[in-house]
Amino acid sequence: MKRFTSNDEIENLCEAMIKDFFKSKHYTNVMCVDIEAFVREYLGVPIVYETFAEPDPGRVGFLSDGKRPLMVRRDGKIEEVVFPPRTAVIEKFLLSPKESARKRFTIAHEGAHDVMGRHIPLQASPMAAFHSEYDPEMTYTGDMLKEMLSVNECFTNRAAACFLMPGFLVARVLKRHNKEKKVIVYDNGILSQDQKILIQKMADTLGVSYTAFYHRLGELDLFDRRPIEEYLHSGLCYGGEAYAGGN
């Protein structure tokens, strides 16, 4: 299938949109995107919260096309509700403060579906779109897996990450927390405790999860990759006298 966009194009488009949104709000030196305001006000996508009752419990977000009903639970009863087109429906339990990062990414994801639908309409599905979190204990149908692993979903996830963590904001956070230096990672993805704490601090500043920010650092080539021996000998101080002092 022909691809009508690329990750680089998505990066540039989404960063331009966030900068334009910040300009309209007269934001300066902020460290976190108000993703609800961005989706509601800049994209013009209404956001509502419901208790989902879909067969796949991993479904926590939905962008309506005005046709496909969503199964929700209201007053203890399951109903099929058709929401107006371009309405983002978010699982209500994500309103819990401890679910803030998941809620923000889900909102960003549904907003990204709307943007991809306009930017690459020949490739983006015209149908309603879900944001589904993979559950290893769930038995998925072929259609469910196809939807979750599609090229469109990959592009949408990249756009959501760009909305929450645009390159210029990540650089700003690195400057505040790490003097603009890259995060040190050793062979096979091994991180020292201080670098893990650093990643968590920066993720908290941006209002995202540790995992989301870790992946974003990789996408933006912001890891300082070093050999594992450096950590073994200088970091953990193993290897005996022959390695003392880095020898």
Side-chain angles (χ1 to χ4, degrees), residues 3 5-16 18-19 29-33 35 58 98-102 104-106 108-109 112 131-137 145 148-151 153-247:
R3 298 189 181 191
T5 190
S6 66
N7 285 330
D8 286 343
E9 185 177 67
I10 288 172
E11 287 279 347
N12 294 332
L13 174 64
C14 294
E15 182 159 323
I18 293 297
K19 285 182 175 179
N29 298 319
V30 299
M31 295 283 179
C32 181
V33 176
I35 195 65
K98 68 179 182 179
E99 301 292 349
S100 175
R102 291 175 68 195
R104 285 169 50 76
F105 189 85
T106 302
H109 184 93
H131 171 49
S132 299
E133 299 177 332
Y134 181 73
D135 181 351
E137 297 183 358
L145 287 173
M148 291 176 68
L149 302 175
S150 70
V151 171
E153 279 300 297
C154 291
F155 282 147
T156 301
N157 281 330
R158 185 61 173 257
C162 294
F163 286 148
L164 291 168
M165 300 167 279
F168 74 96
L169 267 195
V170 174
R172 194 175 292 176
V173 170
L174 273 175
K175 182 176 182 180
R176 169 184 282 189
H177 291 287
N178 206 37
K179 300 179 180 179
E180 299 182 330
K181 294 184 293 183
K182 293 184 177 183
V183 174
I184 297 171
V185 62
Y186 301 100
D187 293 338
N188 300 315
I190 294 175
L191 292 154
S192 64
Q193 178 176 276
D194 66 316
Q195 295 300 287
K196 291 176 182 176
I197 292 172
L198 172 64
I199 291 173
Q200 188 63 67
K201 285 182 179 178
M202 292 191 288
D204 290 343
T205 299
L206 287 164
V208 299
S209 69
Y210 176 100
T211 301
F213 188 61
Y214 177 88
H215 287 309
R216 191 70 177 130
L217 289 170
E219 291 173 351
L220 296 174
D221 191 25
L222 290 173
F223 282 123
D224 177 1
R225 302 183 183 278
R226 301 186 182 183
I228 187 60
E229 290 79 10
E230 179 180 327
Y231 183 53
L232 298 179
H233 304 159
S234 300
L236 297 178
C237 299
Y238 288 130
E241 294 183 1
Y243 302 104
N247 295 322

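In this text the structure is predicted, and so the values were computed from the model without any measurement.
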Counting only heavy atoms from other residues, nucleotides and ligands, does the tally under 6.0 Å from NZ of K181 exceed 12? no
Side chains of M165 and E219: closer than 4.5 Å at any heavy-atom pair? no
From Y214 OH over to Q200 CD, what is the distance, rounded to the nearest 0.5 angstrom? 14.0 Å
Will you find, in the side chains of S6 and D8, an N or O donor that is under 3.5 Å from an N or O acceptor? no
Can a donor-acceptor pair be found, under 3.5 Å and without considering hydrogens, that links the side chain of R172 to the backbone of V30? yes
If we ignore hydrogens and angles and just use 3.5 Å, is the side chain of R104 paired with the main-chain N or O of G207 as donor and acceptor? yes
If we count only N and O atoms by modelled type, under 3.5 Å, do the side chains of T5 and E9 hold a donor and an acceptor together? yes
Do the side chain of K182 and the main chain of L217 share a donor and acceptor less than 3.5 angstrom apart? no
Interatomic distance, CG@L164 vs SG@C32, rounded to 0.5 Å, equals 8.0 Å
Is there a donor-acceptor pair under 3.5 Å between the side chain of Q195 and the backbone N or O of V185? no
How far does CD1 of I184 sit from CG of N178, to the nearest 0.5 angstrom? 8.0 Å
From H233 NE2 over to Y238 OH, what is the distance, rounded to the nearest 0.5 angstrom? 12.0 Å
Please report the C-alpha distance between V170 and F213 in whole Å, then the side-chain angles of each, then the deciding distance to 0.1 Å, and finally whether the side-chain contact (heavy atoms from CB on, under 4.5 Å) criterion is met. CA-CA 9 Å; V170 174; F213 188 61; 4.1 Å; yes
Quick one: are the ring centres of Y186 and F223 less than 6.0 Å apart? no
Parallel, tilted or perpendicular, judged at 30° and 60°: which one describes the rings of H109 and F105? tilted
Looking at R226 and D224, does any basic side-chain N land under 4.0 Å from a carboxylate oxygen? yes
side-chain contact (heavy atoms from CB on, under 4.5 Å) between L198 and H177: does it pass, once the steps are laid out? CA-CA 7 Å; L198 172 64; H177 291 287; 3.9 Å; yes
Correct closest heavy-atom pair for A101 and S209 would be CB-N, 3.6 Å
Less than 3.5 Å apart, any donor N or O on the side chain of E11 or N7 sitting next to an acceptor on the other? no
To the nearest 0.5 Å, what is the distance between CZ (R158) and OG1 (T156)? 12.5 Å
Search all heavy atoms of F163 against all heavy atoms of A108 and return the closest pair with its distance. CD1-O, 4.1 Å
Would you check if K196 and Y210 make a side-chain contact, meaning some heavy-atom pair closer than 4.5 Å? yes
What do the steps show when you test R216 against C162 for side-chain contact (heavy atoms from CB on, under 4.5 Å), and what is the final call? CA-CA 9 Å; R216 191 70 177 130; C162 294; 3.6 Å; yes
Write down the atom of D187, the atom of P227, and the distance for their closest heavy-atom approach. OD2-CA, 3.5 Å
Begin with the C-alpha distance, continue with both residues' side-chain angles, and end with the deciding distance and a verdict on side-chain contact (heavy atoms from CB on, under 4.5 Å) for L191 and V183. CA-CA 9 Å; L191 292 154; V183 174; 4.3 Å; yes
Could you state the interatomic distance from CG (L206) to CE (M202), rounded to the nearest 0.5 Å? 8.5 Å
